Each structure stands twice: as C-alpha cells, then as structure tokens.
Amino acid sequence: MIYFNYETDFTLPDEKETANWIKLCIEKEDHELGEINYVFCDDAYLHKINVEYLQHDTLTDIISFDYCENNLVMGDIFISVERVAENAKSFGVSFENELHRVIIHGVLHYVGYKDKEEEEKKEMRRKEEECLILWNQK
C-alpha cells in the first residue's frame with residue numbers, strides 16, 4: 001500500500017495514478033510492494049529530519065528510511081516540495097518531471113540502486129529515466 005501525507009499546502013493531484021506507477025516500477029525490478037509512506041513537506045521540515053536523524057546540517061530534496069525485507073519494499077520517504085521546485089528550475093525541467101524523478105528515486109534505493117559512486121549515479125539516472133518514461137506513457 002502507498003500512502004501520501006502532507007505537511008505543507010502541496011497536494012499530489014493524481015495519487016491513484018502515482019501509486020499505480022510506483023507499484024509498476026517496483027514490480028519491473030522483481031520486487032513486491034509492502035507499505036510506503038510518502039510525506040510531502042517544506043525545506044524546514046526536511047532539514048529538521050536531516051539534522052536530527054542523519055546529523056547532516058544541509059537542505060535536501062529527499063530522505064528515505066528503508067524498512068525493506070528481502071524483496072518486500074517498505075519505507076518512509078520525505079520529500080521537500082520547495083527543494084523539488086528549486087531543483088526543477090536549476091535543471092530546466094518541469095516541476096512535475098522533477099517531482100516524479102524524486103518520488104521514484106527513493107524507491108530505486110529500496111530495490112538496491114545506489115548513487116554514491118559515479119557509475120552508481122549513472123545507473124540510478126538511467127533507472128529514473130526508465131521509470132519516467134513509464135509515467136509519461138500512462
């Protein structure tokens with residue numbers, strides 16, 4: 001099950017379609033959906049989590065807490081809508097495109113993709129793009 005929670009005035013316009021897309025991306029990676037909680041928030045909310053739980057005093061667009069068991073995908077994903085909007089401008093893409101990239105980024109971590117090393121980052125971007133293509137085909 002996928003739950004969408006809001007700690008800011010943003011609301012995802014297409015929750016059901018987004019949940020179906022996330023589930024499809026998980027299944028394409030030979031994993032099964034357990035429970036994912038998305039929390040959409042602002043920079044201040046996510047910064048507090050970053051400092052409190054990760055000891056990182058920086059702004060970020062996403063923090064994910066992984067509770068996966070074997071191939072069962074479970075976790076909490078916090079997304080700063082402010083950071084996503086800012087990054088969309090910086091990258092020259094639409095807010096919707098950047099939001100969906102970030103939404104699926106956390107899930108891709110859950111199914112085993114990493115992004116610390118340069119080659120890992122390239123593979124993560126490739127997988128994000130594959131998922132975004134699926135979103136755009138809906």
Side-chain angles (χ1 to χ4, degrees):
M1 197 70 181
I2 297 174
Y3 299 97
F4 299 104
N5 307 282
Y6 305 96
E7 294 295 331
T8 186
D9 60 3
F10 170 81
T11 303
L12 197 61
D14 43 18
E15 287 184 357
K16 186 174 180 162
E17 285 181 64
T18 302
N20 289 339
W21 168 67
I22 294 165
K23 186 173 188 260
L24 176 64
C25 291
I26 290 169
E27 290 170 350
K28 287 184 102 22
E29 293 296 326
D30 296 320
H31 284 69
E32 182 182 340
L33 175 62
E35 182 176 305
I36 301 175
N37 292 296
Y38 282 90
V39 179
F40 296 94
C41 57
D42 60 18
D43 280 347
Y45 188 99
L46 197 55
H47 180 256
K48 183 178 179 191
I49 291 171
N50 210 10
V51 170
E52 187 173 332
Y53 293 97
L54 303 176
Q55 290 74 50
H56 297 154
D57 190 11
T58 59
L59 295 176
T60 187
D61 53 358
I62 181 173
I63 294 175
S64 59
F65 294 96
D66 184 341
Y67 311 129
C68 296
E69 295 177 7
N70 300 313
N71 280 358
L72 190 61
V73 176
M74 299 183 292
D76 295 326
I77 298 176
F78 295 82
I79 296 175
S80 169
V81 178
E82 282 182 274
R83 202 67 1 234
V84 169
E86 198 62 36
N87 289 344
K89 287 179 193 171
S90 296
F91 301 146
V93 299
S94 70
F95 172 79
E96 180 185 47
N97 182 273
E98 184 63 10
L99 178 65
H100 285 93
R101 185 190 67 75
V102 173
I103 285 172
I104 210 62
H105 182 89
V107 170
L108 290 171
H109 275 304
Y110 292 166
V111 300
Y113 294 97
K114 307 211 178 315
D115 59 3
K116 295 293 181 207
E117 305 294 325
E118 198 55 41
E119 283 305 309
E120 293 172 338
K121 287 179 185 177
K122 287 179 185 174
E123 180 68 5
M124 176 66 86
R125 293 295 171 257
R126 190 177 70 72
K127 285 296 180 177
E128 289 170 358
E129 288 302 318
E130 284 179 15
C131 290
L132 288 172
I133 288 168
L134 290 174
W135 173 257
N136 291 322
Q137 289 175 346
K138 62 173 181 39

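All values derive from a computational prediction rather than experimental measurement.
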Item checked: Side chains of D57 and H47, donor plus acceptor under 3.5 Å ->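 Yes.
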If two hydrophobic side chains count as joined below 4.5 Å and joins carry through other members, does [X] share a cluster with [Y]?
{"X": "L72", "Y": "V111", "result": "no"}
{"X": "Y67", "Y": "I22", "result": "no"}
{"X": "Y45", "Y": "F4", "result": "no"}
{"X": "L59", "Y": "F78", "result": "no"}
{"X": "V93", "Y": "L12", "result": "no"}

Next item on the list: Could you walk me through whether V73 and I36 pass the side-chain contact (heavy atoms from CB on, under 4.5 Å) test, one step at a time?
Entry: CA-CA 7 Å; V73 176; I36 301 175; 3.9 Å; yes
Please check this pair: side chain of [X] against backbone of [Y], looking for a donor-acceptor N/O pair closer than 3.5 Å.
{"X": "N50", "Y": "L46", "result": "no"}
{"X": "W21", "Y": "C131", "result": "yes"}
{"X": "D115", "Y": "E120", "result": "no"}
{"X": "N37", "Y": "Y3", "result": "no"}
{"X": "Y110", "Y": "H105", "result": "no"}

Next item on the list: Considering only NZ, NE, NH1 and NH2 on the basic side and carboxylate oxygens on the acidic side, decide whether E130 and K28 come within less than 4.0 Å.
Entry: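 No, E130 and K28 are not salt-bridged.
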Next item on the list: State plainly whether the residues E118 and K122 are in salt-bridge range, i.e. N to O under 4.0 Å.
Entry: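 Salt bridge: no.
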Non-hydrogen atoms of [X] and [Y] that approach each other most closely:
{"X": "E7", "Y": "C41", "value": "CB-CB, 4.0 Å"}
{"X": "N70", "Y": "H31", "value": "O-CD2, 4.4 Å"}
{"X": "V107", "Y": "Y38", "value": "CG2-OH, 3.2 Å"}

To the nearest 0.5 Å, what is the distance between [atom1] ([X]) and [atom2] ([Y])?
{"X": "T18", "Y": "I104", "atom1": "OG1", "atom2": "CD1", "answer": "10.0 Å"}
{"X": "N20", "Y": "I2", "atom1": "CG", "atom2": "CD1", "answer": "8.0 Å"}
{"X": "K116", "Y": "K121", "atom1": "NZ", "atom2": "NZ", "answer": "8.5 Å"}
{"X": "K23", "Y": "E32", "atom1": "NZ", "atom2": "CD", "answer": "8.5 Å"}
{"X": "I77", "Y": "I63", "atom1": "CD1", "atom2": "CD1", "answer": "12.0 Å"}
{"X": "D42", "Y": "I79", "atom1": "CG", "atom2": "CD1", "answer": "13.5 Å"}

Is there a side-chain contact between [X] and [Y], using heavy atoms and a 4.5 Å cut-off?
{"X": "N97", "Y": "L132", "value": "yes"}
{"X": "K89", "Y": "E98", "value": "no"}
{"X": "R83", "Y": "T60", "value": "no"}
{"X": "V84", "Y": "F10", "value": "no"}
{"X": "V102", "Y": "N87", "value": "no"}

Notebook entry, point to check: Can R126 and E123 be said to form a salt bridge (charged side-chain N to carboxylate O under 4.0 Å, His left out), step by step?
Noted result: CA-CA 5 Å; R126 190 177 70 72; E123 180 68 5; 2.8 Å; yes
Check: Relative to each other, are the rings of W135 and H100 parallel, tilted or perpendicular (30° and 60° limits)?
Finding: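 Parallel: the ring planes of W135 and H100 meet at under 30°.
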Notebook entry, point to check: Would you call the rings of F40 and Y6 parallel, tilted or perpendicular, where under 30° means parallel and over 60° means perpendicular?
Noted result: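 Rings of F40 and Y6: parallel, under 30°.
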Check: Take atom CD in E117; do more than 12 heavy atoms of anything else shown fall under 6.0 Å from it?
Finding: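 Open: at most 12 neighbouring heavy atoms sit under 6.0 Å from CD of E117.
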Margin query: Between M124 and H109, is the side-chain contact (heavy atoms from CB on, under 4.5 Å) condition met? List the steps.
Written below: CA-CA 9 Å; M124 176 66 86; H109 275 304; 3.5 Å; yes
